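In this text, all values refer to a predicted model and were calculated from it rather than measured experimentally. By convention in this document, chain letters (A, B, ...) are assigned in the order of the sequence lines, proteins followed by strands, and residues within each chain are numbered from 1. FYI, side chains are in, hydrogens and waters are out, and symmetry mates aren't considered; it's all heavy atoms of this structure.
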2 protein chains.
Amino acid sequence: MKELLKQNILKHIALSNKEIDSFCNLFNENKVMKKQFLLREGDICKFEGFVTKGLFRIYHIDQNGFEQVLYFAQENWWITDMDSFTNEKPSHLYIQALEDSVVLLISKKDKEFAYNNIPKIEKLFRIMTQKTHISLQRRMIDNLSKTADQRYIDFIEKYPNLFQRLTNLQIAAYLGISHEFLSKIRRKIASKK
Amino acid sequence: MKELLKQNILKHIALSNKEIDSFCNLFNENKVMKKQFLLREGDICKFEGFVTKGLFRIYHIDQNGFEQVLYFAQENWWITDMDSFTNEKPSHLYIQALEDSVVLLISKKDKEFAYNNIPKIEKLFRIMTQKTHISLQRRMIDNLSKTADQRYIDFIEKYPNLFQRLTNLQIAAYLGISHEFLSKIRRKIASKK
DNA sequence: TTCATTTATTGAACTTGTTCAATGTTTTGT
DNA sequence: ACAAAACATTGAACAAGTTCAATAAATGAA
């Protein structure tokens, strides 16, 4: 049941059986039904999670009530509000299941325990954080330099699987455009084929 | 001469004198004259750096020849292309001094040495990477949800010091707008006062 | 100081994306 | 299978931001 998690970790770093087992044992399985929230604005994020089934959206609601999706997390992705979790302060984010999902959660206390007792875990999260930072940096550049059409096309190419599972509403919120405009982009693309 | 660096590190993590000295000794001081480059697209980034004097821009040039500034690094800031440095692959970024500057550089080899011989350094960079990730995430949300006017006002409030030292051209490239439009924003704001 | 270069401002025409309201389509829960 | 809700599409009017070209102002190197 924690096979996916183990494989995911081993992609980043080499660990002995003992190390990986004792780390994975700190995670607990949770089911989250579609539309339920793992985190809401104002909550303090008490967990770091790894998705083994289903799909989540991590988003923010701005002053005008518009939702911005920071990222989607499907099977094999990690989810948390790093700011709220590490600094133990109220979150600005929502984490909601878009499908019936299963997620493995580790508490802050247990993660601290792992940092202090399994030295390589520090390295693991240093590497993982670097990787997520690198991809966010790429997305930042893309958002600054590319037009919405191109960002949509890139999204489909990069995440064909997510594209199938998401509504246009969600994709628009990720691309940072209105869903009406996304609809017009789709029409334009369709007419070109 | 490495006092700034030591102070900066101690803000993130507690280290013994011995630990911090042996780490800081791995850095070498470099002078970089205004307009000179520390890194160009295509180069493999061989260093991680800490600015003790001056100001740098870290930017990207897109398909249309437009420059997007990822961030500015003044005194007390770290600079690198994390992707290129950690994965030893050609960079997509430019790092250029905007003023006569001084930067402390550490090589990949020496950083690996530190990771392996000073266990807390792993934690230090895990924490620092988390912090930069958190602020990039905030900027991502702002870029998706705020209008250029507001982003400009926010920038001035958040970095009054940088605002003084940068041309509008550079600020526009950071905000992701044309410098002509920035000029119009400035006029609008000025007329409201 | 001078002249060349870089930076900043402005206006007009244009493109990209938003808003709102109406309508049609698909999903979902029971 | 049905009604309700959520999602998608469309058009028209609008707002935000770009582009281009011209001019002015500031900076920098000799």
Side-chain angles (χ1 to χ4, degrees), chain A residues 33-36 54-55 57 59 62-69 72 96-101 142-156 162-193, chain B residues 33-36 54-55 57 59 61-69 72 96-100 142-156 162-193:
Chain A
M33 291 297 103
K34 183 171 176 170
K35 295 194 182 176
Q36 280 191 329
L55 177 57
R57 63 200 268 244
Y59 68 102
D62 70 21
Q63 309 92 311
N64 306 314
F66 289 96
E67 299 179 354
Q68 278 87 40
V69 171
F72 300 106
Q96 186 189 34
L98 292 174
E99 303 174 356
D100 292 348
S101 302
D142 285 352
N143 270 318
L144 289 173
S145 64
K146 292 182 177 171
T147 180
D149 300 40
Q150 197 52 54
R151 296 203 312 273
Y152 178 63
I153 293 167
D154 290 354
F155 181 84
I156 296 173
L162 277 182
F163 166 66
Q164 308 263 29
R165 294 162 82 175
L166 292 167
T167 64
N168 290 336
L169 224 69
Q170 297 304 334
I171 295 175
Y174 177 88
L175 298 176
I177 57 177
S178 67
H179 71 281
E180 293 96 331
F181 189 56
L182 177 54
S183 185
K184 284 159 196 173
I185 289 172
R186 286 161 53 77
R187 177 176 44 170
K188 198 167 77 183
I189 291 172
S191 77
K192 277 188 186 160
K193 285 190 178 159
Chain B
M33 292 296 104
K34 184 171 176 171
K35 296 195 181 174
Q36 280 191 329
L55 176 58
R57 63 200 268 244
Y59 67 102
I61 301 183
D62 70 20
Q63 310 92 313
N64 306 314
F66 288 97
E67 298 178 355
Q68 277 88 39
V69 171
F72 299 106
Q96 186 190 33
L98 293 174
E99 302 173 358
D100 291 349
D142 286 351
N143 269 319
L144 289 173
S145 64
K146 292 182 177 171
T147 180
D149 300 40
Q150 196 54 54
R151 295 201 316 272
Y152 177 62
I153 293 167
D154 290 354
F155 181 82
I156 295 173
L162 277 182
F163 166 66
Q164 309 264 29
R165 294 163 81 176
L166 292 167
T167 63
N168 291 336
L169 225 69
Q170 297 303 334
I171 295 175
Y174 177 88
L175 297 176
I177 57 177
S178 68
H179 70 282
E180 293 97 331
F181 189 55
L182 177 54
S183 184
K184 285 159 197 174
I185 290 172
R186 285 161 53 77
R187 176 176 44 171
K188 198 167 74 182
I189 290 172
S191 77
K192 277 189 185 161
K193 284 188 181 162

Whole-Å distance between [N] [atom2] and [X] [atom1]?
X: B/Gln150; N: D/dA15; atom1: CD; atom2: P; result: 19 Å
X: B/Leu98; N: C/dT7; atom1: CG; atom2: P; result: 10 Å
X: B/Leu175; N: D/dA16; atom1: CG; atom2: C1'; result: 15 Å
X: A/Arg57; N: D/dC7; atom1: CZ; atom2: C1'; result: 13 Å
X: B/Ile189; N: C/dT9; atom1: CD1; atom2: C1'; result: 15 Å
X: A/Leu182; N: C/dT19; atom1: CG; atom2: C1'; result: 16 Å
X: B/His179; N: D/dA21; atom1: NE2; atom2: P; result: 14 Å
X: B/Asn143; N: C/dG17; atom1: CG; atom2: P; result: 14 Å

Whether [X] contacts [N] is assessed here as follows: a side-chain N or O lying under 4.0 Å from the phosphate OP1 or OP2. Is that the case?
X: B/Thr147; N: D/dG17; result: yes
X: A/Arg187; N: D/dG11; result: yes
X: A/Ser183; N: D/dG11; result: no
X: A/Arg186; N: D/dT9; result: yes

Pair A/Tyr174-A/Arg57, side-chain donor/acceptor within less than 3.5 Å = no

Taking the side chain of [X] as heavy atoms from C-beta outward, which of [options] is closest to it?
X: B/Asp149; options: D/dT9, D/dG17, D/dT18; result: D/dG17
X: A/Glu180; options: C/dC20, C/dG11, D/dA12; result: C/dC20
X: B/Ile177; options: D/dT9, D/dT18, C/dG17; result: D/dT18
X: A/Asn168; options: D/dG17, D/dA8, C/dT18; result: D/dA8
X: B/Phe66; options: D/dT19, D/dC7, C/dT16; result: D/dT19
X: A/Thr167; options: D/dG17, D/dA8, C/dG17; result: D/dA8

What about A/Lys184, does its side chain sit under 3.5 Å from the base of C/dT19 through a donor-acceptor pair?
-> yes

Side-chain-base donor-acceptor pair under 3.5 Å for B/Lys34 and D/dT27 = no

Of the options B/Lys34, B/Lys35, B/Arg165, which is the one that meets B/Glu99 in a salt bridge (Lys or Arg N to Asp or Glu O under 4.0 Å)?
-> B/Arg165

Check the pair A/His179, A/Leu169 against side chain to side chain contact (heavy atoms under 4.5 Å, CB included), reporting the backbone distance first and the verdict last.
-> CA-CA 5 Å; A/His179 71 281; A/Leu169 224 69; 3.4 Å; yes

Apply side chain to side chain contact (heavy atoms under 4.5 Å, CB included) to A/Asp62 and B/Leu144, showing your working.
-> CA-CA 10 Å; A/Asp62 70 21; B/Leu144 289 173; over 6 Å; no

State, with a plain yes or no, whether a side-chain heavy atom of A/Asn143 is found less than 4.5 Å away from one of B/Asn143.
-> no

